[in-house]
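Here's the structure we're looking at; comments come further down.
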Amino acid sequence: MLKFVKNGSQISLLLNGKSIYDFKPEAEIIQAGIGKTDYSMSHGSFKLKEKISQRDTLTVKFTELDGDCLILTLRCGKIRLEIQNENRLFVSFEGFEGYNRMWVKLPALSDEYVYGSGELFSEFNIRGKNANVWVAEHINAIQIAKKLLKQVVGIKNTTKKQRFENYETYYAQPTFISSRRYFYHSLTTARSEFDFRNEDCHIIKTDSISPFYLGFGNDFEQLLENLTDILGRQPELPDWVFDGQIIASQGGTAEYDDAVKTSAENNLQATGIWIQDWEGRRITAAGKQLFWNWEWDSELYPELDERIKENNAKGIKTLGYINPFLAVEKPLYKEASKKGYCVKNKDGEDYYVTITTFPAAMVDLTNPDAWNWLKDIIKTNMIDFGLSGWMADFGEYLPTDCVLFSGEDPELVHNTWPARWAQLNREAVEESGKLGEIMFYTRAGFSATPKYSTMMWCGDNHTDFSIDFGLPSVIPAMLSLTCCGFGLSHSDIGGYTSFFNLKRSEELYMRWCEMNAFTPVMRGHEGLNPDLNAQFDSSAEILAHGSKMAGIHKALKPYLKDAVKLNSEKGVGVVRPLFFYYDEKEAYKESFEYLLGRDILVAPVIKAGADSREVYLPNDEWVHLWSGKEYGGGRITVPAPIGEIPVFIRKSAQDVLDILNSQIK
């Protein structure tokens with residue numbers, strides 16, 4: 001319980017009777033400054049140059065305590081610290097005119113662990129790192145070119161990472177949680193930096209003077225409930241999502257029909273067919289991409305409307321694709337441009353953004369008429385057409401030098417763009433009366449995304465085992481999303497980004513498939529260059545593997561539904577870090593294992609050619625799924641042939657053991 005206590009001229013903030021922060025006159029409480037950042041964007045990736053022209057250290061002149069509210073008077077304004085409930089503090093600012101930068105110090109311990117700042121792929125614990133909280137494209141052309149060049153000359157080190165500061169992320173959020181069971185969350189929409197490199201303090205910089213929360217919990221479930229009370233939570237997923245796997249297909253009606261037929265003949269438990277090119281496709285130097293005109297391409301997909309109805313009757317849903325861009329060659333762009341619905345450049349022209357090899361215009365989500373126009377397109381052309389879900393892609397590419405209908409500063413709007421995009425999709429679903437029936441999944445995100453999106457997916461991962469872009473990277477990505485209050489996430493089976501010699505092997509596909517059987521949603525993707533990649537039907541071995549894993553995912557339906565319900569009610573993610581329940585040093589350090597719900601520990605195979613896996617088991621009683629052997633805590637090595645991903649069930653969860661054992665025997 002939080003409480004302020006006055007002792008002479010000093011006022012202390014107590015948590016459960018222990019002082020966690022002391023305030024007194026002349027104390028250095030905050031720094032405020034003036035700065036300017038220049039941004040240059042290429043294909044959604046940003047280079048930043050910041051100049052700080054002023055940085056002032058501000059001290060407390062007066063303190064005033066009024067019940068649960070502490071007011072600190074500084075020479076330039078006031079800081080209000082208000083205890084909102086027994087476990088949450090709200091910090092706001094009055095005055096501070098002329099300042100647009102702020103630095104706040106939070107006390108730290110040398111053995112503390114920290115997680116968050118958005119969705120991170122290369123690290124999970126970011127103690128010792130400086131995190132840039134700015135929405136961007138996670139994968140850029142330079143990174144891919146360097147990887148391809150190294151592979152050409154025979155360098156295939158999948159364990160080497162770039163410098164942490166060189167990574168960008170689709171989903172950034174000014175939020176972190178600490179192993180000390182507290183969270184920080186800022187209400188800023190500007191760029192932030194989280195500096196966790198100091199032994200005795202964390203330095204939080206925001207490019208605005210913005211209020212923030214500090215929240216506390218007796219355990220991590222309570223902490224996440226406290227955080228998501230602020231952020232919002234995802235609704236429960238549609239029931240059909242748990243009934244097997246969503247198979248990816250593209251190319252036309254014949255290919256769609258073949259996917260349905262192949263699934264039935266091989267017992268693949270297809271609960272859905274995802275056709276990302278329902279609106280048409282274009283072939284570029286990058287690969288098989290899409291024509292961003294959000295209307296059914298009846299030439300590529302003749303009779304698709306009838307097929308959707310037929311397959312719905314069989315329990316097989318059809319999913320599509322959309323993003324907030326418009327293809328400049330197509331009719332919807334011409335309509336939007338004529339009506340003034342696109343983001344503008346400084347000359348008043350439609351702002352074209354280059355996506356891989358082609359330009360596209362962006363619908364201006366600050367224009368109410370444009371917002372409703374695009375929302376009605378989703379309602380009519382997707383929902384009324386019969387789609388049961390879709391990938392709501394992108395949201396990261398708003399340029400900081402554009403002109404918006406609202407007149408807002410694009411630098412302060414940029415981070416919010418993906419959340420606005422999620423909100424538009426959510427409104428379309430809700431206004432159609434389809435929430436609980438339709439699932440859309442987003443790639444990019446910011447602070448409001450948890451209350452609008454129904455599902456995240458981990459973006460365009462490489463089709464390999466590289467630790468920072470391939471299969472291993474989606475594990476810390478899902479875990480960091482959970483720590484930021486977004487509890488429903490999954491990834492493309494087999495990854496997406498493929499060029500030349502960067503291509504998906506059958507081994508990679510099957511390893512990813514077995515991992516995704518133990519996530520909330522099991523969904524495939526053909527990848528950027530499908531012809532380079534192993535697919536769900538590439539061989540008899542893959543088909544048999546897919547059938548087995550889809551059967552496991554379906555068998556987990558009651559368990560997954562319970563975990564998803566807990567997330568919707570209390571914000572406790574389905575994929576959880578080990579340290580949520582085990583206060584152990586190794587649990588805080590573990591980045592490549594996770595708990596699925598409370599009772600299942602999953603340790604995916606993250607190295608090519610591996611037939612065993614070292615696993616860290618927290619102190620508990622565990623049963624190895626495939627052998628039935630019982631283990632306590634500690635490090636063990638278990639056999640891990642393809643099809644036997646290391647999975648352990650808590651011995652106390654006999655019902656879960658019974659479900660899985662009945663499926664695999």
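Worth saying up front: this structure is predicted, and the values here are computed from it rather than measured.
Residue-environment remark: NZ (Lys434) stays at or below the threshold of 12 foreign heavy atoms within 6.0 Å. More than 12 heavy atoms of other residues, nucleotides or ligands sit less than 6.0 Å from atom CZ of Arg282. The number of heavy-atom neighbours closer than 6.0 Å to NZ of Lys570, taken from other residues, nucleotides and ligands shown, is 12 or below. No more than 12 heavy atoms of other residues, nucleotides or ligands lie within 6.0 Å of NZ in Lys565, so this atom counts as exposed by the packing criterion. Atom NZ of Lys334 is surrounded by more than 12 heavy atoms from other residues, nucleotides or ligands within 6.0 Å.
Interatomic distance, CD1 of Ile230 versus OG of Ser447, reported as 10.5 Å (0.5 Å rounding).
Between Glu526 and Lys288, no side-chain nitrogen of the basic residue sits less than 4.0 Å from a carboxylate oxygen of the acidic one, so the salt-bridge criterion is not met. One finds a salt bridge joining Arg443 and Glu396 here, because a Lys/Arg side-chain nitrogen approaches an Asp/Glu carboxylate oxygen to under 4.0 Å. Salt bridge status for Asp350 with Lys344: present, with a side-chain N to carboxylate O gap under 4.0 Å.
A centroid separation of less than 6.0 Å is found between the aromatic rings of Phe358 and Trp292. If you look at Tyr115 and Phe176, their ring centroids are not closer than 6.0 Å. Between Tyr441 and His490, the distance separating the two ring centers is shorter than 6.0 angstrom. Tyr184 has its ring centre less than 6.0 Å from the ring centre of Phe194. Separation of the Tyr321 and Trp278 ring centroids does not fall under the 6.0 Å cut-off. A centroid separation of less than 6.0 Å is found between the aromatic rings of His414 and Phe46.
Residues forming a salt bridge (Lys or Arg N to Asp or Glu O under 4.0 Å) with Glu165 (at least two apart in sequence, or on another chain): Arg163. Residues passing the ring-ring contact (aromatic ring centres under 6.0 Å, His included) test with Phe469 are His138, Tyr167, His462, sequence neighbours excluded. For the side-chain contact (heavy atoms from CB on, under 4.5 Å) test, residues two or more places apart in sequence or in another chain that qualify with Ser388 are Trp240, Asn312, Lys317.
The two atoms that bring Ile273 and Ser249 nearest to each other are CG2-CB, 4.0 Å, heavy atoms only. When all heavy atoms of Glu168 and Glu137 are compared, the closest pair comes out as CB-O, 3.5 Å. The minimum heavy-atom distance between Glu119 and Ser480, with the atom names listed, is CA-OG, 3.5 Å. Closest non-hydrogen pair, Asp460 versus Thr497, comes out as O-OG1, 2.8 Å. Taking every heavy atom of both residues into account, Asn516 and Met522 meet most closely at O-CB, 3.8 Å. Between Pro577 and Leu479, the shortest heavy-atom distance links the atoms N-CD2, 3.4 Å.
Each of Trp421, Tyr170, Phe325 was checked for a ring-ring contact (aromatic ring centres under 6.0 Å, His included) with Phe394, and the lone residue meeting it is Phe325.
Checking side-chain atoms of Asn415 against main-chain N and O of Leu412 turns up no donor-acceptor pair under 3.5 Å. Judged purely by atom type and a 3.5 angstrom limit, Asn226 has no side-chain atom pairing as donor or acceptor with the backbone of Gln222. In this structure a side-chain-to-backbone donor-acceptor pair under 3.5 Å is missing from Arg233 to Gly487. With hydrogens and angles disregarded, a donor-acceptor distance shorter than 3.5 Å links the side chain of Asn85 to the backbone of Asn87. Of the possible polar contacts, none joining the Asn100 side chain to the Asp207 backbone as a donor-acceptor pair under 3.5 Å is found. Side chain of Trp512 to backbone of Asp492: a donor-acceptor contact under 3.5 angstrom is found. In this structure, the side chain of Thr454 engages the main chain of Phe440 through a donor-acceptor pair within 3.5 Å.
A donor atom on one side chain and an acceptor atom on the other are not found under 3.5 Å apart for Asn345 and Tyr352. When only modelled atom types and interatomic distance are considered, Asp195 and Trp103 share no side-chain donor-acceptor pair under 3.5 Å. Donor-acceptor pairing under 3.5 Å is lacking for the side chains of Asp468 and Gln162.
Looking only at side-chain heavy atoms (C-beta outward), Lys49 and Thr37 stay at 4.5 Å or farther from each other.
Judged by the 6.0 Å distance and 45° axis criteria, Arg426 is not positioned over the aromatic ring of Tyr452. Both tests do not hold together for Lys47 against Tyr39: distance to the six-membered ring centre under 6.0 Å, angle to the ring axis within 45°.
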Chi angles and distances behind the side-chain contact (heavy atoms from CB on, under 4.5 Å) call for Glu295, Leu332 | CA-CA 8 Å; Glu295 300 174 309; Leu332 285 180; 4.0 Å; yes
Are Glu335 and Trp373 close enough, and set up right, to give a side-chain contact (heavy atoms from CB on, under 4.5 Å), and what steps lead you there?
-> CA-CA 10 Å; Glu335 179 184 349; Trp373 176 78; 2.8 Å; yes
side-chain contact (heavy atoms from CB on, under 4.5 Å) between Val572 and Arg576: does it pass, once the steps are laid out?
-> CA-CA 8 Å; Val572 181; Arg576 304 171 195 169; 3.6 Å; yes
